Every structure is written in structure tokens, then in C-alpha cells.
Amino acid sequence: METAFIITILATAIQAGAPVIYAAVGEIFAERSGILNLGVEGMMLVGAVSGFIVAVNTGNPWAGVIAAMLAGGLLSLIHAFLTITLHADQVVSGLALTIFGAGLSSFLGQNYVGVQGPQFNPIHIPVLSDLPILGPILFDYDILVYLSVLLIPLSAYFIHHTRPGLHLRAVGEDPATADVMGINVARTRYIYTFVGGVLAGLGGATLSLAYTPGWTEGLSGGRGWIAIALVIFAFWEPWRAMVGAYLFGGVQALQFNLQTIGITIPTYFLNMLPYLFTILVLVFATGERMKRHLGAPAALGIPYIRGER
Amino acid sequence: MTPTPSSSSHRLPRLSLERRLTSPWWLSWVIPIASVALALLAGALIIASQGVNPWEAYRAMFEGAFGTGYGVAETLVKAIPLMLAGLGVSVAFRMKLWNIGAEGQLWMGAWAAAGVGLFLYPAWNLPPWLAILLMMAAAVVAGGLWGAIPGVLKGVLQVNEIITSLMLNYVAISWVLYFVDILWRDPGGLGFPNTAPLDKAIWLPKLTWIPFLPKGHRVHAGLLIAILAAVFIWFLLNRTKWGYEVRVIGENPEAARHAGMPIVRNIILVMILSGALAGLAGMAEMAGVAHRLQRGLSPGYGYTAIIVAWLAKLNPFGVLLVAVLFGGLLVAGDQIQLTMNLPRSISDILQGLILFFVLGGEIFGRYRLRLR
């Protein structure tokens with residue numbers, strides 16, 4: 001009974017963490033380039049709904065994934081255009097994107113609420129999936145979960161050990177110097193804002209095609225914002241974002257499973273857990289950051305205009 | 001992905017920006033109007049995608065919101081919470097505090113006011129005018145305390161207020177729904193999750209004396225509260241030493257620090273004031289319109305208030321005006337859902353589009369664009 005419960009919690013945590021990993025890593029890319037995009041929630045919602053719609057109409061969940069990524073990416077380009085080309089305030093533009101995305105997703109999804117669609121199912125790996133304990137914890141997920149795990153080392157390597165990763169960091173830390181070095185600041189920022197949108201869209205698709213298959217209004221339930229919080233918690237490092245995402249997943253898992261072991265807290269209070277947890281994590285991370293003098297990318301949120309400042 | 005610096009600048013004509021030293025007087029009018037017009041044009045494409053003639057939809061929206069006495073009254077009803085919450089948001093934004101928790105602060109205000117109206121008022125046998133004042137006070141306190149949480153975290157621990165204030169929205173709504181659905185649920189409510197109605201004597205009175213509005217309209221005294229609040233905020237920000245501090249801290253924190261202004265204390269105070277105003281918005285909606293606590297009390301007024309505050313350039317009287325326009329947009333959204341079978345989310349989409357275009361348009365006031 002006890003082990004079964006722990007296994008359920010761990011397995012649910014990893015599953016629930018996947019959509020947040022995508023969104024958080026996407027935001028890490030955008031913020032590393034200096035662009036704060038608070039539209040993650042909106043991009044996730046639009047990704048979730050467009051992924052679901054395309055999957056239903058084509059019968060192919062992969063087509064849905066691609067549509068979701070495109071939708072998230074396209075939406076992020078609005079933010080990119082406003083903030084990079086027109087130097088609009090990044091906070092307000094991101095908020096606008098979230099409001100717009102929420103409206104657009106409920107508009108697009110109006111005829112899809114409650115519809116059954118194709119979904120990604122757990123992949124059964126012979127032998128491994130059947131192992132006791134390890135099987136359900138490590139080898140019983142759908143493909144999107146495995147890809148989210150794979151994304152972590154890939155993105156960490158990209159950011160720290162490749163040339164484009166170096167340029168990305170340069171643009172986010174000191175765009176004027178990067179510009180002098182011949183890096184196209186605006187283009188770099190466009191690219192990574194777009195990457196952020198693509199990954200947020202993928203996170204949305206992970207919700208609507210795998211984790212909670214289907215579409216309901218406001219499906220992401222604040223996960224986009226939680227992803228942004230995790231980026232701060234993670235000090236802009238993918239590895240730490242993964243830890244944060246699984247912690248969040250664990251809280252969600254507890255939220256769903258506490259009642260099965262006889263702890264009866266009204267669901268209203270259980271529903272607050274992920275959000276309270278996020279605040280707590282943020283407080284903790286901010287304290288640690290101050291102590292260790294770890295900073296955000298130095299140019300985060302500041303428009304770059306050649307010859308000014 | 002490797003940048004090729006010289007080649008890219010020759011392929012396309014480059015947009016370059018020149019800061020304007022002076023801007024012609026008409027520019028500050030033309031730009032926002034043109035921006036909204038373009039936003040509506042973009043919205044027209046989305047409406048057309050539903051097979052509905054966008055011009056007819058826009059005409060129906062305008063007539064629904066402003067074309068009849070009933071429409072104008074409903075527009076004002078929806079504008080009231082937007083005014084109060086918008087004022088709250090604008091005070092925080094003045095100090096570059098991104099309080100996006102107005103929605104939760106509004107719910108907490110409505111909750112506290114409902115507690116006073118449903119329980120204290122009958123238990124203590126209060127005179128109705130006092131009960132109404134107490135409901136307002138309770139909403140101010142509850143909203144203010146809810147706003148104080150991200151304020152203290154920001155001021156003392158430097159925790160990002162955008163995320164904490166937003167997270168608290170979800171917490172607040174869960175909290176209130178617990179009372180609506182369970183603790184305070186009206187047993188005679190025919191299965192609807194809401195509390196019992198407030199006693200009629202403590203409803204916010206209807207402003208029956210407003211001319212031109214049809215009989216039986218729902219515009220209530222919250223409108224006066226909002227107007228008074230705007231005057232109060234204007235006075236506070238522009239005519240007091242504290243308001244001066246708030247504006248300096250917002251515009252130039254470095255200078256404020258050198259001048260020895262108490263930044264931490266002011267962060268917390270501003271967040272309390274901001275939350276208190278949003279709390280009043282919740283009280284007004286609860287005691288003036290719904291007359292009970294219920295699910296769906298706010299269709300996201302706290303989020304729309306952010307747009308209202310920004311479009312009003314954080315000017316308190318501007319907030320009143322823009323709130324009326326956005327109140328109209330909400331009414332129009334309901335209207336076209338009924339008459340043209342368009343989803344209500346059109347009005348959310350238009351809100352986002354208007355903000356996009358106004359944001360994008362702002363640059364033309366500050367810079368001259370040159371194609372080279």
C-alpha cells in the first residue's frame with residue numbers, strides 16, 4: 001500500500017512535470033536572449049487547443065504536436081515584433097499575449113469542449129515496463145514525457161557548450177558588446193523568442209494530447225505562469241528547471257492522491273497547493289539568489305537600441 | 001544560426017528609429033485612435049472567419065453597448081468594477097509594481113463584504129447604512145491584505161511580484177468557492193452554488209436619478225464610489241508628499257534611494273492601496289449587482305483592469321473613461337453571443353488586440369521610423 005502510493009506519486013510527478021518542463025525551458029531560451037515573455041500561459045493555451053483540433057481532424061496526434069508548436073511559435077512572434085522591433089514594454093506585451101491567447105483559445109476551441117480525440121499512450125517497453133517498482137516509475141510514459149527528459153541535457157549543452165549558445169548568452173548579458181562582436185542582436189532575440197513559443201506550444205500539446213487528453217477552457221490552469229516562476233527558481237538553468245518541474249509535479253500528484261490514503265482535505269484547499277508551492281519556491285529561490293549574487297541575464301527586459309545607453 | 005553581420009543589413013530595407021525631440025500635438029490623439037481602429041480591423045478578420053459579416057457584428061456590438069438606454073446602463077454597470085480595479089492596478093503600475101493580482105483581490109473583497117452582509121448585519125442588527133459602510137471596510141481590508149502579501153514579499157525579500165500576485169488569484173478563487181459551494185451555500189438555492197441573497201436593505205442603492213436611462217436599470221452607487229476613488233487617487237498622487245514619493249520611486253528608483261525615500265514601506269503601502277481598491281470592486285459587484293456571493297461573480301474584471309489601467313496611461317480620470325469603453329466591450333460581447341451567435345470570447349480577443357496595437361503604436365509617438 002505504502003510503496004504503491006509512493007510509486008503513484010513519483011510516476012504522476014514525472015508526467016505532470018513534462019508540460020511545465022517544455023514551457024520552462026522555452027522561457028529559459030527567451031530570457032537568456034534578454035526577452036521576458038509573460039505570454040507563456042497564452043501560448044500554452046493556444047498550443048493546447050490547436051494541437052487538439054488538428055489531432056482530432058487528422059486523427060494523427062503528431063500532426064497535432066506540430067500544429068501546437070507552430071501556433072505557439074507564431075504567437076510568440078507578436079511579442080517579438082512588439083518588443084524587439086518596436087521596443088514595447090515587455091511586461092505589458094507579455095500580459096497582452098496571455099489575455100489574447102486565453103481569448104483566442106476559447107474561441108478556437110468552442111466546438112471541441114468534451115470531444116474525444118487521439119492521444120499519446122504510454123509506450124509499453126517489453127521487460128523494462130514490467131519491472132516491479134522501476135517499471136512504473138521509469139518506463140511507463142508516453143513519448144512526450146521521454147522527449148521532455150531528453151530536452152534537458154540537450155538544451156543545457158546547447159546553452160553552455162556550443163557557439164550559438166555562447167551568442168545567445170552574449171546577447172542576453174551584454175547586447176552592445178555582442179553587437180560589436182558582429183552578432184545580430186535583434187535576429188538572435190527573434191529566434192529564441194520563437195523557440196520559447198514553440199516549446200510553450202509543445203507544452204500545451206502535452207496537456208491536451210497526453211496528460212489530460214481533450215480540451216476545456218483554461219486547460220493550462222496557470223502552468224504557464226508556474227513555468228515562468230520555475231525559470232527564476234532555476235537561475236535560468238535547464239537542469240534546475242527540471243528539478244522544479246518535478247517538484248511541482250509532485251505537489252500535483254499529492255493533490256490528486258492524498259484522498260486515496262485517507263487524508264481528507266477539501267479539494268478547494270488541495271487545489272491551492274500548486275500555487276502556494278510556487279510562491280514558496282520563488283521566495284526560497286530569491287533568497288538564495290541574493291545570497292549567492294546570482295543574477296538574471298543582465299539585459300533581461302531591456303530593449304536594445306544601437307547607440308543608446 | 002551563426003550570425004552573418006554584414007550580409008543581413010543589405011538584403012532588406014532596414015527600419016531605423018530616431019528619437020523625436022518634439023512631437024506634434026495631434027500625435028497623442030491620432031496614434032491611439034488609429035491603433036484601436038487597426039485592432040478592430042484585425043478583429044474583423046477573426047469575426048469574418050466565423051462566416052459573419054464583421055461590419056454587421058461591430059454595428060451590433062456598438063448598438064448593444066451604447067445604442068440604447070438599456071445598453072448604456074449595462075455598460076456602466078460593467079464599468080464600475082473595471083474602474084475600481086483599474087484604479088488599483090494603475091496605482092501599483094505608477095510605482096512599476098506589476099500587480100496582476102487584482103482578480104484575486106477583487107474576489108477576497110467580495111468574500112469579506114458578503115461575510116459582513118450575510119452574517120454580521122443580521123447578528124448585530126446593524127442599521128443598513130452602517131452595514132454597507134462595514135461591507136466596504138471589510139472589502140478594503142481583505143483586498144488590501146491580499147495585496148499586502150506580494151507587497152511584503154517584494155519589499156522585504158525582493159520576490160517577483162508579478163508571479164506571486166498572479167498565483168494568489170488562483171488561491172483566492174479556490175478559497176471563495178469553498179465558501180460559495182459549501183460553507184455559506186444557500187440550502188434553498190435549488191442546487192445552484194451560491195450564497196443566500198443579501199437583505200434588500202443593504203444592496204448598494206440604484207442611481208434612479210440619472211436622466212435618460214430606462215426605468216429599472218441596474219446602475220448602482222458603486223459608480224459614485226468609483227468616481228470618488230478616482231478623485232482621491234488623483235489627489236493622493238498629485239497633491240501629497242506621499243504621492244510625490246510614489247511617482248519618483250516609479251520613475252527613478254535610484255534618485256529615490258539617494259533622497260532617502262522609504263522604498264520598502266512604500267512598496268507595501270502601494271500594494272495595500274492597490275488591493276484595497278480591487279477589493280472595493282468586488283464589494284461593488286457583490287452588493288450592487290449579484291447581491292450574493294456566487295461562482296462567476298467576476299468574468300475576469302481584474303485582468304481587464306490591467307488593460308484599462310495601461311490604456312488610460314495610469315491617469316485616474318482616464319481609467320474612468322477607458323473603463324466605460326471596456327465595459328461596453330463586455331456588454332457587446334454578451335450581445336453578439338445572443339444575436340449573432342458569435343462566441344463571447346471575441347471580446348477577450350479584441351481586448352488583447354487593442355492592447356497589442358496600442359503598445360505597438362506608442363513607438364510612433366516617441367520615435368520617427370525611417371526606412372533605409
Side-chain angles (χ1 to χ4, degrees), chain A residues 38 42 78 81-83 85-89 91-93 95-108 110 163-164 167 179 181-184 187-188 191 217 221-222 225-226 228-229 232 266-272 274-276 278-279 282-283 285-287 289-290 305-306 308, chain B residues 1-6 8-9 15-17 19 46 50 93 96 98 100 149-150 153 157-160 162-164 166-171 174-175 177-179 181-182 300 303-304 306-307 310 342-356 359-364 366-367:
Chain A
L38 298 180
I78 301 177
F81 179 70
L82 285 172
T83 60
T85 303
L86 298 183
H87 308 302
D89 188 291
V91 172
V92 183
S93 169
L95 290 174
L97 191 58
T98 284
I99 292 168
F100 177 73
L104 185 64
S105 67
S106 79
F107 175 78
L108 294 172
Q110 50 177 321
R163 220 180 140 69
H167 291 163
D179 192 6
M181 282 163 55
I183 302 172
N184 186 330
R187 189 167 70 187
T188 308
I191 289 171
E217 245 179 66
W225 292 101
I226 289 169
I228 295 169
I232 300 175
T267 46
Y268 300 88
F269 294 99
L270 291 175
N271 289 343
M272 297 175 189
Y275 309 111
L276 292 174
T278 304
I279 294 175
L282 210 54
V283 171
T286 309
R289 221 174 92 204
M290 295 297 156
I305 307 170
R306 187 180 284 181
E308 275 189 19
Chain B
M1 227 173 261
T2 2
T4 44
S6 53
S8 65
S9 53
L15 268 181
S16 79
L17 301 171
R19 204 177 265 280
I46 294 177
Q50 296 293 294
F93 279 19
K96 300 257 158 64
W98 302 107
I100 52 177
I149 302 172
L153 290 176
L157 302 171
Q158 284 157 285
V159 179
N160 183 314
I162 301 178
I163 294 162
T164 51
L166 187 99
M167 290 290 112
L168 287 171
N169 289 345
Y170 292 96
V171 177
S174 259
W175 171 259
L177 290 186
Y178 178 55
F179 286 80
D181 290 353
I182 296 180
Y303 297 109
T304 303
I306 298 169
I307 307 182
W310 182 260
L342 275 168
R344 194 185 179 161
S345 44
I346 287 281
S347 75
D348 292 333
I349 294 178
L350 286 176
Q351 287 180 32
L353 283 175
I354 290 173
L355 192 49
F356 281 146
L359 260 175
E362 278 199 329
I363 194 170
F364 299 99
R366 285 179 290 134
Y367 293 89

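As the structure is a computational prediction, the values presented were derived from the model and not from experiment. Just so it is clear: chains get the letters A, B, ... in the order the sequence lines come, proteins before strands, and each one is counted from 1.
Heavy atoms closer than 4.5 Å to chain B are found in both the backbone and the side chain of A/Val92. For a residue to count as touching a neighbouring chain, one of its non-hydrogen atoms must lie under 4.5 Å from one of that chain's; by this rule B/Leu359 touches chain A with backbone and side chain alike. With a 4.5 Å cut-off on non-hydrogen atoms, B/Leu177 touches chain A through its backbone and its side chain both. Only the side chain of A/Leu95 comes within contact range of chain B, with heavy atoms under 4.5 Å apart. Proximity to chain A (any heavy atom under 4.5 Å) is shown, for B/Leu353, by both the backbone and the side chain. With a 4.5 Å cut-off on non-hydrogen atoms, B/Leu342 does not touch chain A at all. Proximity to chain B involves both the backbone and the side chain of A/Ser93, based on heavy atoms less than 4.5 angstrom apart. In this structure, the portion of A/Leu82 lying under 4.5 Å from any heavy atom of chain B is its side chain and not its backbone. In this structure, the portions of B/Gln158 lying under 4.5 Å from any heavy atom of chain A include both its backbone and its side chain. Looking at B/Ile162, only its side chain comes within 4.5 Å of chain A, counting heavy atoms on both sides.
A/Ser105 OG to B/Asp348 CG: the interatomic distance, rounded to the nearest 0.5 Å, is 9.0 Å. If you take CG on B/Leu355 and CD1 on A/Ile99, they are separated by 6.5 Å, rounding to the nearest 0.5 Å. Between the OH atom of A/Tyr275 and the OG1 atom of B/Thr164 there is a distance of 15.0 Å, given to the nearest 0.5 Å. Of the inter-residue distances, the one linking B/Asp181 atom CG with A/Thr267 atom OG1 reads 8.5 Å to the nearest 0.5 angstrom.
Chain A forms more heavy-atom pairs under 4.5 Å with one residue of B/Ile149, B/Asn169, B/Val171, B/Leu157 than with any other, namely B/Val171. For the set B/Gly300, B/Ser174, B/Gly361, the count of heavy-atom pairs under 4.5 angstrom toward chain A peaks at B/Ser174. Ranked by non-hydrogen atom pairs under 4.5 Å with chain A, the options B/Asn160, B/Leu166, B/Ile354 are led by B/Leu166. Among the candidates B/Ser347, B/Pro150, B/Gly360, the residue making the largest number of heavy-atom pairs closer than 4.5 Å to chain A is B/Gly360. Annotation: maximal heavy-atom pairing with chain B below 4.5 Å, among A/Asn271, A/Thr83, A/Leu97, A/Leu38, occurs at A/Leu97. Across A/Val91, A/Leu282, A/Asp89, the residue that shares the most heavy-atom pairs under 4.5 angstrom with chain B is A/Val91. For the set B/Tyr303, B/Trp98, B/Trp175, the entry with the most heavy-atom pairs within less than 4.5 Å of chain A is B/Trp98.
Smallest separation of non-hydrogen atoms from A/Ile228 and B/Ile163: CG2-CD1, 3.7 Å. Of all heavy-atom pairs spanning A/Gly103 and B/Ser345, the tightest one is O-CB, 3.5 Å.
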For this session: Give the intermediate values and the outcome of side-chain contact (heavy atoms from CB on, under 4.5 Å) for residues A/Thr286 and B/Leu153.
Result: CA-CA 10 Å; A/Thr286 309; B/Leu153 290 176; over 6 Å; no
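Considering only heavy atoms from C-beta on, B/Met167 comes within 4.5 Å of A/Ile226 through its side chain.
Between the side chain of B/Tyr170 and the backbone N or O of A/Gly222 there is at least one donor-acceptor pair closer than 3.5 Å.
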